[in-house]
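Before any comments, here is the structure.
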Amino acid sequence: VTVLAPDRLADALVALDGDPARTVLAGGTDLMVDVNYGRHRPTDVLSLRRLAELRAWRVEVGPGGDEVVLGAAVSYTTLLGPELSGLLPALGQAARTVGSPQIRNTGTIGGNLATGSPAGDTLPVLVAHGATVELASAHGRRTLPVADLLVGPKVTALAPGELITAVRVPVVPGPGEFLKIGVRNAMVIAVANCALVVDTERRTLRCVLGSVGPVPVRDPEAERWAAARLDWDGGTPPDPAVVDDFGRRLAAASRPIDDHRATADYRRHAVGVMARRALARAWAAGPGRGRDQGRAA
Ligand SMILES: Cc1cc2nc3c(=O)[nH]c(=O)nc-3n(C[C@H](O)[C@H](O)[C@H](O)COP(=O)(O)OP(=O)(O)OC[C@H]3O[C@@H](n4cnc5c(N)ncnc54)[C@H](O)[C@@H]3O)c2cc1C
């Protein structure tokens with residue numbers, strides 16, 4: 001096996017252009033599982049480990065407000081740190097639920113996206129934020145909404161020779177929630193998960209479900225329906241009937257399957273419960289006040 005570990009992005013892109021079948025290695029927490037099970041036998045590897053710019057993050061002022069630009073090799077441990085989880089609370093909560101400390105130190109947001117598993121925990125949060133990915137190859141750069149990057153289960157719109165270099169996440173003024181259900185409390189792939197992001201300036205919300213369809217699932221009509229029934233000025237808790245109906249609508253929008261982790265019926269029920277809880281919790285925090293503390297589903 002030959003391993004290239006350039007320290008300049010331009011060199012990485014040239015190497016990939018010369019051999020688009022070269023295996024890209026970030027944290028290796030998905031890739032090595034495939035190698036260990038004999039599903040993948042890489043011969044030429046491009047390691048991203050020395051690309052410092054992929055591990056950095058910054059805040060930029062975008063046309064619609066602040067955006068956090070996360071290098072593709074930013075780890076879960078960085079995401080759940082106080083600074084980033086203060087800016088992106090739902091993403092911090094999602095990062096907290098991933099694997100173990102070792103996986104969180106090594107696994108990256110770019111790897112989660114490039115794997116494109118329906119159970120990937122950052123995916124619903126990024127779609128809820130309206131995040132975009134920055135892609136680069138030796139021939140140029142392009143940006144894509146995360147929702148368009150994810151094409152199907154473990155299928156992405158990444159072209160041969162292309163790397164995810166960054167994820168651009170709009171900061172949303174208001175609370176964010178992430179909930180996850182698994183067969184145990186730690187080291188668990190989601191049976192289902194749910195991200196809710198509330199924008200108190202635009203008076204909108206986005207609720208995105210994971211692991212209940214080939215790609216993250218939204219129901220924009222249910223989101224508009226709920227937003228029209230919330231007390232944006234006074235902040236009084238939503239009518240329980242609204243919360244219940246919101247959960248029912250999201251459950252109906254999901255397209256789960258039966259597999260070894262759960263039945264489709266259980267998943268449908270679970271996302272209804274999580275959507276209800278997410279809405280009630282976001283409102284309990286008070287519209288207009290973001291939070292950075294995480295919690296289990
Ligand atoms: C024990 C264990 C527990 C886990 N728990 C969770 C969990 O709770 N939630 C969850 O969502 N996931 C979980 N995972 C899966 C995994 O940790 C994540 O998907 C992680 O984000 C993958 O990132 P990585 O950097 O390790 O990717 P790698 O394994 O290095 O790469 C994964 C894939 O993405 C490609 N790739 C990586 N970076 C880029 C890039 N910048 N551009 C283009 N392609 C790229 C690689 O070529 C490869 O195909 C778990 C894995 C293990 C082993």
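Every number for a ligand or one of its atoms is a count from 1 in the order of the listing.
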Task: Residues Asn105, Thr77; criterion side chain to side chain donor-acceptor pair (under 3.5 Å); working and verdict - done: CA-CA 5 Å; Asn105 283 338; Thr77 302; 2.6 Å; yes
TODO: May I ask you to identify, for Gln102, whether its side chain, its backbone, both or neither come under 4.0 Å of ligand 1 on a heavy-atom basis?
DONE: neither
- [ ] Can you pull out the closest protein heavy atom to atom 44 (N) of ligand 1? Residue, atom name and distance to 0.1 Å, please.
- [x] Ala114 CB, 3.4 Å
TODO: Determine, for Glu134 against Arg141, whether the closest basic-nitrogen to carboxylate-oxygen distance falls under 4.0 angstrom.
DONE: no
Task: Side-chain heavy atoms of Val188 within contact of Lys180, under 4.5 Å - done: yes
TODO: Among all protein heavy atoms, pick the one closest to atom 9 (N) of ligand 1 and tell me residue, atom and distance.
DONE: Asp121 OD2, 2.7 Å
Task: Under-4.0 Å salt bridge between Asp245 and Arg249 - done: yes
- [ ] Looking only at protein heavy atoms, identify the closest one to atom 12 (N) of ligand 1 and say how far it is in Å.
- [x] Asn112 ND2, 3.8 Å
- [ ] Could you check Arg50 against Asp7 for salt bridge (charged side-chain N to carboxylate O under 4.0 Å, His left out), going step by step and ending with a plain yes or no?
- [x] CA-CA 5 Å; Arg50 293 202 185 130; Asp7 53 16; over 6 Å; no
- [ ] Using a strict cut-off of 4.0 Å, indicate which atoms of ligand 1 neighbour a heavy atom of Ala26.
- [x] 25 (O), 30 (O), 37 (C), 38 (N)
Task: Basic-acidic side-chain contact under 4.0 Å: Asp121, Arg96 - done: no
Open item on the list: Need the ligand 1 atom indices (1-based, order shown) with element for anything under 4.0 Å from a heavy-atom of Leu31.
Closed with: 29 (O)
TODO: For atom 48 (C) of ligand 1, state which one of Leu16, Val24, Ile189, Asp30 supplies the nearest heavy atom.
DONE: Val24
Task: Candidate pair Asp44 and Thr2, rule side chain to side chain donor-acceptor pair (under 3.5 Å), full reasoning - done: CA-CA 5 Å; Asp44 299 300; Thr2 66; 2.6 Å; yes
TODO: Using a 4.5 Å cut-off on heavy atoms from C-beta on, say whether the side chain of Ile103 contacts that of Val98.
DONE: yes
TODO: Starting from atom 32 (C) of ligand 1, locate the nearest protein heavy atom and write down its residue, its atom name and how far away it is, to 0.1 Å.
DONE: Thr115 OG1, 3.3 Å
Task: Student check: side-chain heavy atoms of Leu70 and Leu79 closer than 4.5 Å - done: yes
- [ ] Identify, by atom number and element, the atoms of ligand 1 in contact range of Thr108, meaning under 4.0 Å from any of its heavy atoms.
- [x] 20 (C), 21 (O), 23 (O), 24 (P), 25 (O)
Task: 4.0 Å heavy-atom contact, Ile109 with ligand 1 - done: no
- [ ] Could you tell me the residue and atom name of the protein heavy atom closest to atom 42 (N) of ligand 1, and the distance to it rounded to 0.1 Å?
- [x] Ile164 N, 2.9 Å
Task: Options Gly111, Ala12, Gly182, Gly28, ranked by nearest heavy atom to atom 30 (O) of ligand 1, top entry - done: Gly28
Task: N or O contact, Val188 vs ligand 1, cut-off under 3.5 Å - done: yes
Open item on the list: Heavy atom to atom 5 (N) of ligand 1, shortest distance: which of Ala72, Gly99, Gly110 holds it?
Closed with: Gly99
Task: Minimum non-hydrogen distance to atom 6 (C) of ligand 1, winning option of Leu25, Asn36, Val98, Val74 - done: Val98
Task: Member of Leu144, Val151, Leu135 meeting the side chain to side chain contact (heavy atoms under 4.5 Å, CB included) criterion with Leu158 - done: Leu135
TODO: Provide the number and element of each atom of ligand 1 under 4.0 Å from a heavy atom of Lys180.
DONE: 7 (C), 8 (O)
Task: Any N/O pair Gly27/ligand 1 closer than 3.5 Å - done: yes
Open item on the list: Would the distance check show the side chain of Asp17 and the main-chain N or O of Leu13 forming a donor-acceptor pair, the cut-off being under 3.5 Å?
Closed with: no
- [ ] Check each heavy atom of Met187 against ligand 1 and say whether those closer than 4.0 Å belong to the side chain, the backbone, both or neither.
- [x] side chain
Open item on the list: Counting only nitrogen or oxygen atoms and a 3.5 angstrom limit, does Glu162 reach ligand 1?
Closed with: no
Task: Heteroatom proximity flag, Leu48 to ligand 1, N/O under 3.5 Å - done: no
Task: Side chain proximity check, Thr29 to Tyr76, heavy atoms < 4.5 angstrom - done: no
Task: Side-chain donor or acceptor of Gln93 paired with backbone N/O of Phe178 under 3.5 Å - done: yes
TODO: Specify the protein heavy atom at minimum distance from atom 50 (C) of ligand 1: its residue, its atom name, and the distance to 0.1 Å.
DONE: Ile103 CG2, 4.2 Å
- [ ] For Thr97, take its heavy atoms, then give the atoms of ligand 1 lying under 4.0 Å from any of them.
- [x] 8 (O)
TODO: Between Leu158 and ligand 1, find which residue part has any heavy-atom pair under 4.0 Å and reply side chain, backbone, both or neither.
DONE: side chain
Task: Arg277 and its side chain to side chain contact (heavy atoms under 4.5 Å, CB included) partner, picked from Val243, Leu196, Leu179 - done: Leu179
- [ ] Check whether any N or O atom of Thr29, backbone or side chain, sits under 3.5 Å from an N or O atom of ligand 1, and answer yes or no.
- [x] yes
- [ ] Give the residue and atom name of whichever protein heavy atom lies nearest to atom 21 (O) of ligand 1, and the separation in Å to one decimal.
- [x] Tyr76 OH, 2.5 Å
Open item on the list: Treating Ser117 as the side-chain partner and Ala119 as the backbone partner, does any N or O pair qualify as donor plus acceptor under 3.5 Å?
Closed with: yes
Open item on the list: Using a 4.0 Å cutoff against the non-hydrogen atoms of Gly120, which atoms of ligand 1 qualify?
Closed with: 11 (O)
